[in-house]
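Structure first, then comments.
Computed from a predicted model, the values in this text were never measured in an experiment. Chain A is the first sequence line, chain B the second, and so forth, proteins listed ahead of strands; every chain is numbered from 1.
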Amino acid sequence: MTQPILQVKNLEKHFQLDRNKVLKAVDGISFEVMPGETFGLVGESGCGKSTTGRTIINLYDTTGGEVLFEGKNVHQLKGKNQKKFRRDMQMIFQDPYASLNPRKSVMDIIAEGLDIHEIASGKSREEVVYELLETVGLNKSHAARYPHEFSGGQRQRIGIARALAMEPKFIIADEPISALDVSVQAQVVNLMRKLQKEKGLTYLFIAHDLSMVKYISDRVGVMYLGRMAELADSDELYKEPLHPYTQGLLSTAPIPDPIQAKEREKIRIKGEIPSPLNPPSGCRFRTRCPYAMEVCAKVDPIWQEAKPNHWVACHLYQDSNPQ
Amino acid sequence: MKPLLEVSDLHVTFRSQHQEVKAIRGVDFTIGEGEVVAFVGESGSGKSVTFQSIMRLLPQPPANIDRGQVLYSGRDLTKLSEVDMQKIRGKEIAMIFQDPMTSLNPTIRVGKQITESLMRHQKLTSQEAKNRSIELLKMVGIPSPSERINQFPHQFSGGMRQRAMIAMALACSPKLLIADEPTTALDVTIQAQIIDLLKDLQNNTGSSIVFITHDLGVVAEIADRVAVMYAGKIVETGTLDEIFYDPKHPYTWGLLASMPKLDQSRDQDLASIPGSPPSLVNPPVGCPFTSRCPYAMKVCQEQMPEVTTSSDSHQVACWLQHPDAPEVKNPVASAGR
């Protein structure tokens, strides 16, 4: 049996804001990612999906729990192993304007990792960059230019080329297409899928656009206020969402089809996401849940496998509650 | 339907010392009374600039309305003095913007920002205006409005701010509401709430709404009619059903195909539109979509296509509609419906 490439076990990331204010951005989530798959992570802003990504790649320390990459705890890596991890896992960011240094040429941006890890220099460094530019659909002549000379979609391609320069096994893409125009989004998604096939990459795809996540991901985890609400194969999740939050998200996601939009059943999620500084007791979604029961306020629902490979944390599916 | 706003041959240019950007290059459309019309297109296609210039919100210079007519209830807005224009803004035509944090004044209490237009346009006393603004906040679904009016924008969440902006825009019961990407900065659950709110308000007040967006999913939820803009021109316009189920312009095809459907198979690539829109400093002579169009012909590069009409409501500017053009089927055909 194949081993998961990434294991996230009970991960917690809390931020101490001042003496008695703690923001529990990620509060105990677990999932595994298999080699070569795309794992989608969705949720509203403030649900902790980006913090999860950043903690996995060790931009943040953990508060609790652990992250294992190829069986090793990424937050305890030292020396050679740490250096290797930093090559094996790369990140693509949301804002292609803010994530490229405006004072560096594209050549230097893409080659930064090559320089730091002393992988290539001189002529071969140039060759590598040219090849990467071709791979992402740009060309040689772009290497000497600066970020402001490119459109949003092109910049995102540069960001992808920079990530690929390290020949990573795993790429965390944090909302890589939300800042792009619709017609360009499809270009970038197609490029990411092509690269995955060619290089056997594994993706953690963080986004809030459900239809795009469904399309690109093999499995999807839905986060809410620092917790995982539901996790399943993407087709299964969309066909048979169990958690009321997932059901609400799916029924409010805009679909470009007027007839379907009018005919589908709408489950409206009322109100807004509560402050993570002071999350509701019991189930965190209960304040907005159309099916909230008494037990929801008192007891935290258990994260359990409701159906084979379909995990959910909701009292509606807890063994003690028939229905 | 009685027309409320009629725009014809609108041209807007931004001039700087070095260059001229021809942002709007001949736009014609009509908004009927009580109608919801969506304007879609990529960034830079001119959808926001069109309405900012109609409202005369663009600083001149650098912007300049070179040509065109904007008839609102029979009056040409391009010819009005600034004083007369101020009587229209907020009272007759109101606008809501994408980012409620930057479009609300952070140093003025929310209530005060709402009463401003009430006192100015409707000559209410401050007490009357205060009561009315509490009513308005209640109407847009803000809980405990009488306390909320004394708060500052930073004390509101993103969704609440957008609601407050809608309340502000509705204060004087405008006949036309221009909503410029009002839900783009919001989460999906909040987006759905705001769309429901706008739909309800539209049903109750019967005002017309212009909905500027790049999200065709949102369009499908709210619009009666759709105008697709590209490179400063309207390339196709039609009813909601015509645009979604019988689109005629290859750009509209591309837009529709590049959004994954919820039931989209993962085995196929998404249809994408190659390349990016042309620069409007030196816009192409012919059809601006030529360089990205898989069906481009020689004539497309040389001459701008005429607008052809396929039904009372459906118009398209594309050479494929010419009788001599080869027949091309819409590749995304969600047709059959």
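- The shortest distance between side-chain heavy atoms of E272(A) and I190(B) falls below 4.5 Å.
- If you measure heavy-atom distances from V219(B) to chain A, you find no contacts under 4.5 Å at all.
- A donor-acceptor pair under 3.5 Å is absent between the side-chain atoms of D181(A) and the main chain of E42(B), judged by distance alone.
- In this structure, the portion of Y238(A) lying under 4.5 Å from any heavy atom of chain B is its side chain and not its backbone.
- Side-chain contact between F244(B) and I259(A): absent, with no pair of heavy atoms (C-beta onward) separated by less than 4.5 Å.
- Not one N or O on the side chain of Q191(B) forms a donor-acceptor pair closer than 3.5 Å with the backbone of T252(A).
- Contact between E221(B) and P254(A) at its shortest, heavy atoms only, is OE2-CA, 4.4 Å.
- The two residues S211(A) and P260(B) come nearest to each other via the heavy atoms CB-O, 3.6 Å.
- Contact annotation for D209(A): neither backbone nor side-chain heavy atoms come within less than 4.5 Å of a heavy atom of chain B.
- Here the OH atom belonging to Y215(A) is positioned 7.5 Å from the CD atom belonging to Q268(B), to the nearest 0.5 angstrom.
- Q193(B) places a side-chain N or O within donor-acceptor distance of the main-chain N or O of G271(A), the cut-off being under 3.5 Å.
- Looking only at side-chain heavy atoms (C-beta outward), P258(A) and I243(B) stay at 4.5 Å or farther from each other.
- Annotation for K248(B): atom NZ counts as buried by contact number, over 12 foreign heavy atoms lying within 6.0 Å.
- Residue K194(A): no heavy atom, backbone or side chain, is found under 4.5 Å from chain B.
- A side-chain donor-acceptor contact under 3.5 Å links N190(A) to the backbone of L270(B).
- Residue Q185(A): no heavy atom, backbone or side chain, is found under 4.5 Å from chain B.
- Put simply, of D218(A), I216(A), V189(A), the one with the most heavy-atom pairs under 4.5 Å next to chain B is D218(A).
- Counting non-hydrogen atoms of neighbouring residues, nucleotides and ligands closer than 6.0 angstrom, the CG atom of D312(B) reaches no more than 12 such neighbours.
- Contact record, G275(B) with Q187(A): O-NE2, 3.1 Å, taken as the closest heavy-atom pair.
- Only the side chain of D215(B) comes within less than 4.5 Å of a heavy atom in chain A; its backbone stays farther off.
- The heavy-atom pair separating A186(A) from A271(B) by the smallest distance is CB-O, 3.6 Å.
- Using a 4.5 Å cut-off between heavy atoms, I273(A) does not touch chain B at all.
- No side-chain donor-acceptor contact under 3.5 Å links R268(A) to the backbone of D196(B).
- Only the backbone of S217(A) comes within less than 4.5 Å of a heavy atom in chain B; its side chain stays farther off.
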